[in-house]
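These notes concern the structure reproduced below.
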Protein chains: 2
Amino acid sequence: MKKIGIKEIALHAEVSTATVSYVLNGTRNVSFKTKERVLKVIEELNYMPNDIAKSLKSNKTNTIGVIAEDLTVFNAPEIIDGINEYAEKNDLQILLTNLRLQKRVGYDYANTEAYQKRAQEAVSSLLSKQVEGIIYVGVHARDITGLINTYEKPIVYTYCYAEGESSIQYNDEQAAYDAMAYLVGKGHTRIGIISGLMDSIPSRLRFNGYYKAMTEFQLPFDPQFIRIGNWSSESGYRLTGELMQLTNRPTALLIMNDLMAVGALKAAAEQGVCVPSDLSLIGFDNREFSAYLSPGITTMDVPLHEIGILAMKTLRSKIDGQPVPEEEAPLCTLIERESVAQIEPEKL
Amino acid sequence: MKKIGIKEIALHAEVSTATVSYVLNGTRNVSFKTKERVLKVIEELNYMPNDIAKSLKSNKTNTIGVIAEDLTVFNAPEIIDGINEYAEKNDLQILLTNLRLQKRVGYDYANTEAYQKRAQEAVSSLLSKQVEGIIYVGVHARDITGLINTYEKPIVYTYCYAEGESSIQYNDEQAAYDAMAYLVGKGHTRIGIISGLMDSIPSRLRFNGYYKAMTEFQLPFDPQFIRIGNWSSESGYRLTGELMQLTNRPTALLIMNDLMAVGALKAAAEQGVCVPSDLSLIGFDNREFSAYLSPGITTMDVPLHEIGILAMKTLRSKIDGQPVPEEEAPLCTLIERESVAQIEPEKL
DNA sequence: CTGTTAGCGCGTTCAC
DNA sequence: GTGAACGCGCTAACAG
């Protein structure tokens, strides 16, 4: 079956290719009669436009490149889902590149050499395909300034950032503050914190929220309550274990991701500390597993979907050469489950 | 900064565009001297090829369309990761469409009308972009014959199938059989089963494996041990509750997905049945949460990554007009965790 | 206002 | 090593 193009349509409808093009795009008036005739032939021959040819002339591909550092990491699908939602509504196509960072170099994000070459190749490929812009989806919020060069093509970073480039942020400080306010509302005052690695912006911002709540609610400050984890379940386990050994231990823990909260749950169980009656936990990320644990982990849901949409909006503005609209950083939302209890007065 | 093309290169290197093209593609011998000169200019001017123009002439885009029914459903990222691995190795690009089926119409897969139009639009868009083939990633293994028309372009289905088209299968029967063999090896004989919906091929195949093991190992057959669930955690909870009420209840359960296994765990806990000492459970899917539950759920891991790779291999053969090589259906692998115990003789 | 002719975009490739 | 046609659809310029 031969490919049929605009030329065949013109032939069968006994008009010129120009007329067919005008009918197709509504670029100019075409008499009702010829229009009908052309449309009928298009229908009959099952014409399918060739966007490649179209793009060559128009210099527009309506295609956005998406580079995911690792598609199988939990945040990526939901961010891309947001990207897809926006793309669908705006007739944009997504050219996806998956760097497969985790599988390629494991968790050693600092070792950029291991994937910088591949990342730059991905960008070059996308640029060759004439994408109109790129969205980069990191695995882990960190600085990747200088990692890639897009040769002036607009790029928007999510879950990471680069100096001088747009990146989408959400309100991490507020999230931590909200989590604290929630714990305080439940009667807690001795609240410990287990952070993620300090090379990450979210860690620092969440600390800000923590401190802000500490001062605002005039909570007792004990430096021993502050622990630095590394995002892993193991670190949550170990640090919670340590915290439970303190003589005047915290009644609640703000934990910067659900993975560490799992470790905390395990440590508590092993030490005979009951969650939530003896120890309340609040995590971050709203990972799927958090709902299935017992107790279910109360957690701050990160607005991944919205981040995807915002990234597209921002990118679109840059592509169109418009100023990027200032948007409020989206908020995290508290997902209430069973890992936080109202503290009973006699325990204080 | 003006876009520089092959013409500028030719100009600066004082050769014809043809020569530049030959240098670029190695399509023909070019004298060492001119080649050097051309390459130097290419380097200096930072030339980037325009794949759009290339594709127009060559009629090859090296692009594969991927339609995911829902990217946020657990199987999709891993299948696509396999697709990506193959794509990277073979210099193929991925044009991704996410139907967002779950968010669009929820779990009512039978209601095809709700997304058929969108699915067909997605196909048409991809065809307009001149993809060389399409991979369809379903959310749920079922028959979608007639849902879409690809107008002769090759398509390969994963996690669903359509009559007369290629689809990638894995060995579900063997998986169920292996799971049973594992339970038998642990001393179990009274083994119940909680299936998924019977409109799904995996359900039926896994039943086959179950029956095969039942007869081969000469296990006592009790029709009451067979329960039909609907894949949801709730159904696992309900059916396990019922099974625990039986006077001569099973000592182990083969459960067709981890979600129902979570429900089973909950039902057991509520009825004071201890997993695994009183009841062994084995699930399917190796969902992330299965590792974090206590006890961790022993489960059959579905070879999603390999399915993605196989889909690409198959598609490639079809694109090249070669016969699709007969490959062994990949196997599931047992992930041993803590939900299965050796049965103690006195319990029999 | 409706329809046509012809050149263009950019890289490939045949014929010389 | 080169000139020029070509792929396919768009669109400026022109004609009726």
Side-chain angles (χ1 to χ4, degrees), chain A residues 1-42 45-63 124-125 127-132, chain B residues 1-42 45-63 91 124-125 127-132 151:
Chain A
M1 171 174 138
K2 204 188 134 252
K3 250 309 196 0
I4 52 119
I6 209 180
K7 217 177 334 190
E8 280 71 37
I9 305 296
L11 200 66
H12 287 257
E14 295 175 302
V15 291
S16 70
T17 60
T19 306
V20 177
S21 176
Y22 292 134
V23 170
L24 241 20
N25 303 300
T27 327
R28 240 182 54 181
N29 262 347
V30 179
S31 81
F32 186 76
K33 267 189 61 189
T34 35
K35 186 193 263 179
E36 283 294 283
R37 201 163 71 242
V38 170
L39 287 174
K40 189 160 143 273
V41 176
I42 285 175
L45 298 193
N46 224 306
Y47 168 73
M48 291 221 128
N50 182 335
D51 283 354
I52 295 290
K54 197 165 178 163
S55 295
L56 181 58
K57 175 77 179 159
S58 67
N59 226 354
K60 296 207 72 195
T61 55
N62 290 320
T63 303
S124 297
S125 277
L127 294 181
S128 287
K129 285 279 183 188
Q130 312 296 113
V131 298
E132 302 186 355
Chain B
M1 169 175 141
K2 203 188 136 256
K3 251 309 195 3
I4 53 118
I6 208 179
K7 215 174 340 188
E8 281 70 37
I9 306 295
L11 201 68
H12 286 257
E14 294 175 303
V15 290
S16 70
T17 60
T19 306
V20 178
S21 176
Y22 291 134
V23 170
L24 241 20
N25 302 299
T27 327
R28 238 179 57 180
N29 262 346
V30 179
S31 83
F32 185 76
K33 267 189 62 187
T34 34
K35 186 193 263 179
E36 284 294 282
R37 200 165 70 242
V38 171
L39 287 174
K40 188 160 143 273
V41 175
I42 285 175
L45 298 193
N46 223 305
Y47 168 72
M48 291 221 127
N50 181 336
D51 284 353
I52 294 289
K54 197 165 178 162
S55 295
L56 180 59
K57 177 75 179 156
S58 67
N59 225 355
K60 297 207 71 194
T61 54
N62 290 320
T63 302
D91 266 305
S124 298
S125 276
L127 294 182
S128 288
K129 285 278 181 188
Q130 311 297 111
V131 297
E132 300 185 357
Y151 302 96

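Residue numbers begin at 1 in each chain, while the letters A, B, ... track the order of the sequences. FYI, side chains are in, hydrogens and waters are out, and symmetry mates aren't considered; it's all heavy atoms of this structure.
Formation of a donor-acceptor pair under 3.5 Å by the A:Glu36 side chain with backbone atoms of A:Lys33 is not found in this model. In terms of modelled atom types and a separation under 3.5 Å, the side chain of B:Gln130 and the main chain of B:Asn59 share no donor-acceptor contact. Of the possible donor and acceptor atoms, none in the side chain of A:Lys35 sits under 3.5 Å from a partner among the backbone N and O of A:Asn29.
No side-chain donor from either of B:Ser128 and B:Ser125 sits under 3.5 Å from a side-chain acceptor of the other.
Computed from coordinates, the A:Asn50 CG to C:dG9 C1' distance equals 14 Å when rounded to whole Å. The distance from atom CD1 of A:Ile42 to atom P of D:dG9 is 11 Å, rounded to the nearest whole Å. The nearest whole Å value for the distance from the CG atom in B:Leu11 to the P atom in C:dG11 is 14 Å. Distance, A:Lys7 NZ to C:dA6 C1': 13 Å, rounded to whole Å. Rounded to whole Å, atom P of C:dC8 lies 16 Å from atom CG of B:Leu56. Rounded to an integer number of Å, the gap from NZ of A:Lys60 to C1' of D:dC10 is 15 Å. In this structure, the CD1 atom of B:Ile52 is 13 Å from the P atom of C:dT12, given to the nearest Å. The distance between atom CG of B:Asn59 and atom P of D:dC8, rounded to the nearest whole Å, is 6 Å.
Comparing A:Arg28 and A:Gly5 along DNA chain D, the residue whose closest nucleotide (by nearest heavy atom) sits nearer the 5' end is A:Gly5. Mapping A:Phe32 and A:Ala18 onto DNA chain C by nearest heavy atom places A:Phe32 at the nucleotide closer to the 5' end. The residue among A:Thr19 and B:Tyr22 whose nearest nucleotide of DNA chain C lies closer to the 5′ end is A:Thr19.
One finds no side-chain N or O of B:Thr27 lying less than 4.0 angstrom from the OP1 or OP2 phosphate oxygen of C:dT12. Put simply, A:Asn29 has a side-chain N or O that comes within less than 4.0 Å of OP1 or OP2 on C:dT2. The phosphate of D:dG9 has neither OP1 nor OP2 within less than 4.0 Å of any side-chain N or O from A:Asn25. Contact annotation: B:Tyr47 side-chain N/O to C:dG11 OP1/OP2 distance is under 4.0 Å. Here B:Ser31 reaches the OP1 or OP2 of D:dG1: one of its side-chain N or O atoms lies under 4.0 Å away. B:Thr34 has a side-chain polar atom (N or O) that falls below the 4.0 Å cut-off from OP1 or OP2 of D:dG1.
Looking at heavy-atom distances under 4.0 Å, A:Val15 makes contact with sugar-phosphate atoms alone, never a base. B:Val30 comes within contact range of the sugar-phosphate backbone alone, with a heavy-atom separation under 4.0 Å but no base atom that close.
Of all nucleotides listed (C:dG11, C:dG3, D:dT11), C:dG11 comes nearest to the side chain of B:Lys57. For B:Ser16, the listed nucleotide lying nearest its side chain is D:dT2; candidates were D:dG9, D:dG7, D:dT2.
Contact of A:Lys54 with D:dC10 (side chain to base): no donor-acceptor pair of N or O atoms is detected under 3.5 Å.
Residues B:Thr61 and B:Val131 approach most closely at OG1-CA, 4.1 Å, considering heavy atoms.
Considering A:Asn50, A:Asp51, A:Thr63 as possible partners of B:Lys129, the one that fulfils the side-chain hydrogen bond (donor to acceptor under 3.5 Å, both in side chains) test is A:Thr63.
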